[in-house]
Amino acid sequence: MIGVFDSGIGGLTLLKEMMHTLPHENFLYYADTENVPYSYKTTDQIKEYVEKAVVFLRNEGCKAIVLACNTATNVTIEYLREKYDFPIIAIQPAVKVAFDNNSENKRILACATPVTLKADRFENLINSLDINHLVDRLPLPGLVEFAENEQFDSPEVLEYLKKEFSKFDLEKYEYVVLGCTHFTYFEKLIQENFTTLQPVDGNEGTTRHLKNTLASLNLLNSNEKGTIRFVESGRYVEDETRFWRYLGR
């Protein structure tokens, strides 16, 4: 199996991409619903939650683990890779995608959780691309809670986005980076109501990296139809209806 971790249901947007690209793989999706959202947790708490999930997934026999949570990536990935010797793939905000396709040299709006935007890892990513002068940061922790409550296109969500985006002159921006997998659920809403912005996320790039990593280690499945199981904070899910409803979006 491939283990996929997220603080909640945001990582299902990445799982959907992986299901499409790797249809023969078996996935075990771990949602830490007891502790979501991570936006208001300390780094020590987040490290504890994520490591507990990673150990659980490894003990269940996962050959590789994907951190589908940008917050978890920024807080734990270096620590986990030093401590464990199995493949750990980590999503990160797609600022490079936005920069590479920024045809008009406009500014880039990076939206994520406060933890991600304040992290050294995110700052190092921006500096490595030498685009600090082009990137503005906008924390949108409310979108995590909206997504967890299955509010994707309610008037409250649109009002929240209008209030937050009003802090910027959107005419100066071409790309908005959705630096949290929960945010991907709102891509259509953003496109329809903020027409100057083109949303991008890290799901496709992370999936491609996972496939290349598995191929290099001769760990790809090719002869069976993939399966999916779901876990919530260390317990297998019996009624999977909610998870499949999210995947259906």
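Without hydrogens or angle criteria, H24 side chain to E224 main chain gives a donor-acceptor distance under 3.5 Å. A distance-only check finds no donor-acceptor pair linking the side chain of T21 to the backbone of M18 [under 3.5 Å]. A distance-only check finds no donor-acceptor pair linking the side chain of Y30 to the backbone of G8 [under 3.5 Å]. Between the side chain of R81 and the main chain of F86, no donor-acceptor pair closer than 3.5 Å is present. Counting only distance, with no hydrogens or angles, the side chain of S7 and the backbone of D32 share no donor-acceptor pair below 3.5 Å. Not a single donor-acceptor pair under 3.5 Å links the side chain of K47 to the backbone N or O of T76. In this structure, T181 contributes its side chain and A68 its backbone to a donor-acceptor pair below 3.5 Å. Here the side chain of S233 pairs a donor or acceptor atom with the backbone of T33 at under 3.5 angstrom. Here the side chain of Y160 pairs a donor or acceptor atom with the backbone of G142 at under 3.5 angstrom. At least one donor-acceptor pair closer than 3.5 Å links the side chain of T196 to the backbone N or O of L170.
Going from atom CD1 of I65 over to atom CD1 of I88 covers 6.0 Å, rounded to the nearest 0.5 Å. The structure places CD1 of I91 at 4.0 Å from OG1 of T206, a figure rounded to the nearest 0.5 Å. The structure places CZ of R58 at 11.0 Å from CE of M1, a figure rounded to the nearest 0.5 Å. For the atom pair CG of N193 and NZ of K188, the computed distance is 11.0 Å after rounding to the nearest 0.5 Å. Atom CZ in R107 sits 8.0 Å away from atom NE2 in H133 (nearest 0.5 Å). Atom CZ of residue F168 and atom CG of residue L109 lie 5.5 Å apart, to the nearest 0.5 angstrom.
Residues Q151 and S154 bring a donor and an acceptor atom of their side chains to less than 3.5 Å of each other. Between the side chains of Q92 and N74, no donor-acceptor pair of N or O atoms lies under 3.5 Å. Side-chain atoms of T116 and T113 form a donor-acceptor pair, as typed in the model, at a separation below 3.5 Å.
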Next item on the list: Given salt bridge (Lys or Arg N to Asp or Glu O under 4.0 Å), test K83 with E51 step by step and report yes or no.
Entry: CA-CA 10 Å; K83 187 170 181 179; E51 185 169 19; 2.7 Å; yes
Checklist line | E240 vs R229, side-chain contact (heavy atoms from CB on, under 4.5 Å): CA-CA, chis, key distance, verdict | finding: CA-CA 8 Å; E240 300 178 344; R229 294 291 307 277; 4.0 Å; yes
Check: Between E123 and K118, is a salt bridge (Lys or Arg N to Asp or Glu O under 4.0 Å) present by the stated rule, with each step listed?
Finding: CA-CA 8 Å; E123 194 68 25; K118 293 176 182 177; over 6 Å; no
Check: Run the salt bridge (Lys or Arg N to Asp or Glu O under 4.0 Å) check on K63 and E25 step by step: do they pass?
Finding: CA-CA 11 Å; K63 60 187 178 182; E25 297 294 338; 2.8 Å; yes
Next item on the list: Under the side-chain contact (heavy atoms from CB on, under 4.5 Å) rule, what do R245 and T241 come out as? Steps first, then yes or no, please.
Entry: CA-CA 6 Å; R245 200 161 59 234; T241 305; 3.7 Å; yes
Next item on the list: Run the numbers on C69 and L67 for side-chain contact (heavy atoms from CB on, under 4.5 Å), then give the verdict.
Entry: CA-CA 5 Å; C69 174; L67 299 187; 5.7 Å; no
Next item on the list: Evaluate the criterion side-chain contact (heavy atoms from CB on, under 4.5 Å) for residue pair F243 and V237; output intermediate values, then yes/no.
Entry: CA-CA 9 Å; F243 288 88; V237 174; 3.8 Å; yes
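Both L217 and L22 are members of a single hydrophobic cluster when ILVMFWY side chains are connected at heavy-atom separations under 4.5 Å. Under a hydrophobic-cluster definition in which Ile, Leu, Val, Met, Phe, Trp and Tyr are linked whenever side-chain heavy atoms come within less than 4.5 Å, directly or via other members, V231 and V50 are assigned to the same cluster. Hydrophobic clustering of Ile, Leu, Val, Met, Phe, Trp and Tyr side chains at less than 4.5 Å, counting indirect connections, unites Y185 with F194. Cluster membership for F183 and L161, using ILVMFWY side-chain heavy atoms within less than 4.5 angstrom, is shared. Transitive grouping of hydrophobic side chains (ILVMFWY, heavy atoms separated by less than 4.5 Å) keeps I89 and L28 in distinct clusters.
Looking at residues two or more places apart in sequence or on another chain, you find a side-chain contact (heavy atoms from CB on, under 4.5 Å) between R208 and E204, N212. Listed by chain and residue number, K167 satisfy the salt bridge (Lys or Arg N to Asp or Glu O under 4.0 Å) test with E164 (two or more places apart in sequence, or in another chain).
Geometrically, K41 does not engage Y49 in a cation-pi contact defined by less than 6.0 Å to the ring centre and at most 45° from the axis.
Other residues, nucleotides and ligands contribute more than 12 heavy atoms inside 6.0 Å of the NZ atom of K106. Taking a 6.0 Å sphere around CG of D130, one finds it holds 12 or fewer heavy atoms contributed by other residues, nucleotides or ligands. Counting heavy-atom neighbours within 6.0 Å of H20 NE2, excluding the residue itself, gives a total of 12 or less. Around CD of E159, the count of heavy atoms belonging to other residues, nucleotides or ligands within 6.0 Å does not exceed 12.
Looking at C111 and P139, their side chains never come closer than 4.5 Å, going by heavy atoms from C-beta outward. The side-chain heavy atoms of H182 and E145, taken from C-beta on, include no pair separated by under 4.5 Å. With contacts defined as side-chain heavy-atom distances shorter than 4.5 Å, the pair L197/F165 qualifies. Here the side chains of Q191 and Q198 are in contact, with some heavy-atom distance below 4.5 Å. In this structure, the side chains of L220 and S222 stay at 4.5 Å or more apart for every pair of heavy atoms. Between L143 and V157 there is a side-chain heavy-atom pair separated by less than 4.5 Å. Counting heavy atoms from C-beta outward, F186 and L140 have side chains that stay 4.5 Å or more apart. With a 4.5 Å cut-off on side-chain heavy atoms, L15 and L12 count as touching.
Of all heavy-atom pairs between F56 and G234, the closest is CE1-O, 3.5 Å. The shortest non-hydrogen separation linking G179 to A112 is O-CB, 3.5 Å. Considering all non-hydrogen atoms of both residues, T213 and P87 come closest at CG2-CB, 4.2 Å.
Grouped by direct or indirect side-chain proximity (heavy atoms under 4.5 Å, Ile/Leu/Val/Met/Phe/Trp/Tyr only), L134 sits with V95, V97, F99, I108, L117, F122, L125, I126, L129, I131, V135, Y175, V177, V200.
Under the 6.0 Å cut-off for aromatic ring centres, Y246 and F152 qualify, their centroids lying closer than that.
With F230 as the fixed residue, the ring pair (Phe, Tyr, Trp, His ring centres under 6.0 Å) test singles out one of W244, F27, Y236, F5: W244.
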